[in-house]
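Accompanying notes for the structure given below.
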Protein chains: 2
Amino acid sequence: MELSDNTIERICKVFGHLALLEKKGVEFVSSKELAEQIGTTEYTVRKDISLLGGPGYTRKGYEVSSFKRELGQKFQLTKSRKACIVGLGRLGTALLDYENFQEDGFEIVAGFDCSVNKIERIRTNIDVFPVSRLQEITQARSIELGIIAVPAESAQEIADELTKAGVKGILNFSPVKVNVPARIVHLDMDFTNALRFIAARFVMQNK
Amino acid sequence: MELSDNTIERICKVFGHLALLEKKGVEFVSSKELAEQIGTTEYTVRKDISLLGGPGYTRKGYEVSSFKRELGQKFQLTKSRKACIVGLGRLGTALLDYENFQEDGFEIVAGFDCSVNKIERIRTNIDVFPVSRLQEITQARSIELGIIAVPAESAQEIADELTKAGVKGILNFSPVKVNVPARIVHLDMDFTNALRFIAARFVMQNK
DNA sequence: TATATTCTGTGAATAAATTCACCAATTCTT
DNA sequence: AAGAATTGGTGAATTTATTCACAGAATATA
Ligand SMILES: NC(=O)c1ccc[n+]([C@@H]2O[C@H](COP(=O)([O-])OP(=O)(O)OC[C@H]3O[C@@H](n4cnc5c(N)ncnc54)[C@H](O)[C@@H]3O)[C@@H](O)[C@H]2O)c1
Ligand SMILES: NC(=O)c1ccc[n+]([C@@H]2O[C@H](COP(=O)([O-])OP(=O)(O)OC[C@H]3O[C@@H](n4cnc5c(N)ncnc54)[C@H](O)[C@@H]3O)[C@@H](O)[C@H]2O)c1
């Protein structure tokens with residue numbers, strides 16, 4: 001059965017929240033609480049979950065650990081996935097050193113940049129390479145996800161490289177939309193547009 | 001008339017693309033091209049634009065400069081808006097020095113952190129302050145937007161501070177949803193969840 | 001034990017978003 | 001000048017998403 005992107009996104013948020021609850025030792029959680037935490041309604045949460053057939057218990061809600069395990073299995077969110085970062089400027093290096101990715105099942109196993117200077121100067125535990133070795137390293141290390149943190153004008157070029165290298169997904173932080181074949185899942189995260197949206201939304205709301 | 005969030009978000013993207021085209025000196029752009037650039041269909045673009053009453057010209061499309069001006073006016077995207085960043089760690093400092101915000105009409109006028117050490121060590125042109133002065137500075141400098149880049153456990157606390165300080169919008173980079181009154185527009189940008197979504201989406205797509 | 005409460009699951013109803021179909025206007029081509 | 005092609009605008013149709021309503025089940029309460 002076909003899940004919508006909205007549903008998948010919400011389920012991912014649910015998964016994240018379940019992980020938190022599990023750490024805290026909480027045993028059960030209701031659709032109402034999940035809804036509050038992920039910013040939607042209890043109806044939507046229940047509908048989403050019902051599409052997956054997850055079992056909830058009357059007057060208790062969903063069992064945190066087993067439900068998390070089930071989601072992890074269904075969406076393969078438990079196996080650790082390897083990722084690389086292309087563009088090691090201010091944003092790229094911040095991402096490189098963000099150790100929380102690890103515990104959420106994303107392992108940054110390589111960084112790439114076109115500037116050899118930069119590569120030599122970077123202090124990090126992650127291996128960094130010239131971008132000319134992107135294909136080689138991506139394949140050798142079974143990297144599944146590519147994170148783009150190069151300037152806008154190089155973003156499409158890097159998206160193409162990553163595509164050729166065979167990644168399954170791309171997260172793009174540059175402020176231009178990248179085009180990749182439909183088999184590759186990609187998401188553009190444009191901070192400037194986020195600020196614009198907030199501003200525009202505020203203006204509309206108040207007139 | 002009421003515009004949906006989807007429409008507002010798309011219009012913001014259109015605005016961004018118009019700015020690009022204007023810089024390049026392009027005079028007209030069709031709904032089809034806009035659609036390609038922002039990742040939607042020409043129908044949706046035309047429908048969105050028709051809600052705003054923007055004039056398009058037969059066999060030419062929309063006039064880049066005047067349409068951009070019109071959108072800028074309607075959504076007040078031309079006036080420069082002041083923003084601050086709270087949490088000057090790896091991500092916060094990357095954002096602090098991102099000079100492109102400026103040319104898109106967002107001016108970072110202050111940074112805050114709880115660590116006095118950090119504040120003293122930071123090298124940047126932007127003024128940085130201890131977080132205890134958040135309210136004071138935000139009001140003194142008419143800051144409208146708050147960007148949260150503190151660890152998850154402090155995010156809600158900072159959201160509350162920003163709310164009290166009277167900001168109009170909040171962009172939250174921590175991986176927890178923050179709760180603020182409905183009058184304040186806010187957006188959570190959770191990178192980890194973005195990676196999860198990409199992974200989950202890929203799994204679903206291939207079964 | 002009986003009754004009230006609270007929770008899920010899900011079909012039906014409603015609402016929202018997208019897509020389509022096609023007219024009108026303009027430009028291009030021959 | 002005639003006809004073909006391209007483009008926007010928009011009401012209608014369709015599809016998708018959300019919300020509601022309520023049955024069924026377990027638990028709590030009296
Ligand atoms: N810094 C931020 O806070 C911020 C905010 C919003 C958006 N962004 C976007 O994120 C991206 C990165 O921003 P940044 O501030 O880190 O930029 P930056 O200029 O600090 O770093 C870019 C890095 O990419 C490298 N690079 C350039 N072309 C390359 C190529 N073809 N292959 C490999 N590496 C290449 C450069 O050597 C540099 O190290 C940009 O697209 C920017 O618009 C950044
Ligand atoms: N670094 C990344 O690439 C990355 C990726 C995904 C998400 N994030 C999220 O962004 C946020 C910041 O990440 P980071 O890597 O920059 O963290 P960091 O630890 O490098 O920096 C956090 C900063 O916040 C300051 N701080 C802590 N509590 C504060 C408070 N109450 N008031 C003011 N300042 C306070 C700290 O002094 C520190 O300077 C986190 O929520 C993180 O989960 C970061």
Side-chain angles (χ1 to χ4, degrees), chain A residues 1-15 17-18 21 26-68 70-71 74 182 197 200-201 204-205, chain B residues 1-15 17-18 21 26-68 70-71 74 182 197 200-201 204-205:
Chain A
M1 184 228 345
E2 210 51 16
L3 300 182
S4 73
D5 280 1
N6 283 358
T7 291
I8 295 176
E9 200 189 337
R10 284 190 299 256
I11 292 285
C12 286
K13 286 185 189 165
V14 165
F15 182 86
H17 193 64
L18 289 173
L21 292 172
V26 176
E27 278 196 89
F28 290 92
V29 64
S30 68
S31 55
K32 199 163 163 223
E33 193 198 320
L34 285 173
E36 270 163 27
Q37 293 302 324
I38 71 167
T40 182
T41 68
E42 53 176 318
Y43 315 118
T44 301
V45 167
R46 289 210 295 275
K47 183 67 88 182
D48 284 344
I49 293 176
S50 84
L51 298 172
L52 307 171
Y57 302 99
T58 298
R59 265 191 83 109
K60 285 184 172 168
Y62 303 92
E63 216 250 305
V64 173
S65 296
S66 64
F67 186 32
K68 168 165 174 280
E70 191 202 328
L71 289 183
K74 193 155 290 183
F197 171 80
R201 179 73 158 61
M204 289 323 278
Q205 186 168 299
Chain B
M1 184 227 345
E2 209 51 15
L3 300 182
S4 73
D5 280 1
N6 283 358
T7 292
I8 295 176
E9 200 189 335
R10 284 190 299 257
I11 292 286
C12 286
K13 286 186 190 166
V14 165
F15 182 86
H17 193 62
L18 288 174
L21 292 173
V26 176
E27 276 196 274
F28 289 92
V29 63
S30 68
S31 55
K32 201 163 163 224
E33 194 197 319
L34 285 173
E36 269 163 28
Q37 291 303 325
I38 71 167
T40 184
T41 67
E42 53 176 316
Y43 314 118
T44 301
V45 167
R46 289 210 296 274
K47 183 67 86 180
D48 284 344
I49 292 176
S50 84
L51 297 172
L52 307 172
Y57 302 99
T58 297
R59 266 192 82 108
K60 285 184 171 169
Y62 304 93
E63 216 249 306
V64 173
S65 296
S66 65
F67 187 32
K68 169 165 173 283
E70 190 202 327
L71 289 183
K74 193 156 292 185
F197 171 81
R201 180 72 159 60
M204 290 323 278
Q205 186 167 300

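Below, chains carry the letters A, B, ... as their sequence lines are ordered, and counting in each starts from 1.
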Using a heavy-atom cut-off of 4.0 Å across all strands, would you classify [X] as base, sugar-phosphate, or nothing?
X       : value
A:Lys32 : nothing
A:Thr7  : nothing
B:Thr40 : nothing

Please give, in whole Å, the distance from [N] [atom2] to [X] [atom1]?
X       : N      : atom1 : atom2 : value
A:Ile8  : D:dT16 : CD1   : P     : 14 Å
A:Leu34 : C:dC7  : CG    : P     : 12 Å
B:Phe67 : D:dG8  : CZ    : C1'   : 12 Å
B:Arg46 : D:dT7  : CZ    : P     : 10 Å
B:Asp48 : C:dA16 : CG    : P     : 16 Å
A:Glu42 : C:dT10 : CD    : P     : 16 Å
B:Tyr43 : D:dT15 : OH    : P     : 14 Å
A:Ile49 : C:dT8  : CD1   : P     : 8 Å

Practice item. Measure from the side-chain heavy atoms of A:Ser30 and tell me the nearest of D:dT19, C:dT18, C:dT8. Key: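 Nearest listed nucleotide: C:dT8.
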Review point. Out of D:dG11, C:dG9, D:dG8, which nucleotide sits closest to the side chain of B:Lys47?
Key: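 When the side chain of B:Lys47 is considered, D:dG11 is the closest of D:dG11, C:dG9, D:dG8.
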Please tell me if [X] has a side-chain N or O lying less than 4.0 Å from either OP1 or OP2 of [N].
X       : N      : result
B:Ser4  : C:dA16 : no
B:Ser31 : D:dG8  : yes
A:Asn6  : C:dA17 : no

Review point. In dot-bracket notation, what is the pairing pattern of DNA chain D, taking Watson-Crick (N1-N3 plus N6-O4 or O6-N4) and G-U wobble (N1-O2 and O6-N3) contacts under 3.5 Å, with [ ] crossing and | for other strands?
Key: ||||||||||||||||||||||||||||||
Between the protein and nucleotides 25-30 of chain D, which nitrogen or oxygen pairs come in under 3.5 angstrom?
none

Measure the spacing between [atom1] of [X] and [atom2] of [Y] and express it to the nearest 0.5 Å.
X       : Y       : atom1 : atom2 : value
B:Lys13 : B:Ile8  : NZ    : CD1   : 13.5 Å
B:Ser4  : B:Asp48 : OG    : CG    : 7.0 Å
A:Leu34 : A:Leu18 : CG    : CG    : 6.0 Å

Check your understanding: Considering all heavy atoms of both residues, which atom of B:Glu63 and which atom of B:Phe28 are nearest to each other, and what is their separation?
Key ->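 Nearest pair, atom of B:Glu63 first, then B:Phe28: CG-CE2, 3.5 Å.
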Practice item. Using the side-chain contact (heavy atoms from CB on, under 4.5 Å) rule, take A:His17 and A:Glu33 through it: C-alpha gap first, then chi angles, then the decisive distance, then the call. Key: CA-CA 10 Å; A:His17 193 64; A:Glu33 193 198 320; 3.8 Å; yes
**Study point:** side-chain contact (heavy atoms from CB on, under 4.5 Å) between A:Arg201 and B:Asp5, intermediate numbers included
**Key:** CA-CA 7 Å; A:Arg201 179 73 158 61; B:Asp5 280 1; 2.5 Å; yes
Check your understanding: When you check the gap from the basic side-chain N to the acidic O, do A:Glu42 and A:Arg46 get nearer than 4.0 Å?
Key -> yes
**Study point:** Non-hydrogen side-chain atoms of B:Leu52 and B:Thr7 separated by less than 4.5 Å
**Key:** no
Exercise for review: For residues B:Phe67 and B:Ile49, determine if any side-chain heavy atom of one lies less than 4.5 Å from a side-chain heavy atom of the other.
Suggested key: yes
Exercise for review: Answer yes or no: are there more than 12 heavy-atom neighbours, outside A:Lys32 itself, under 6.0 Å from its atom NZ?
Suggested key: no
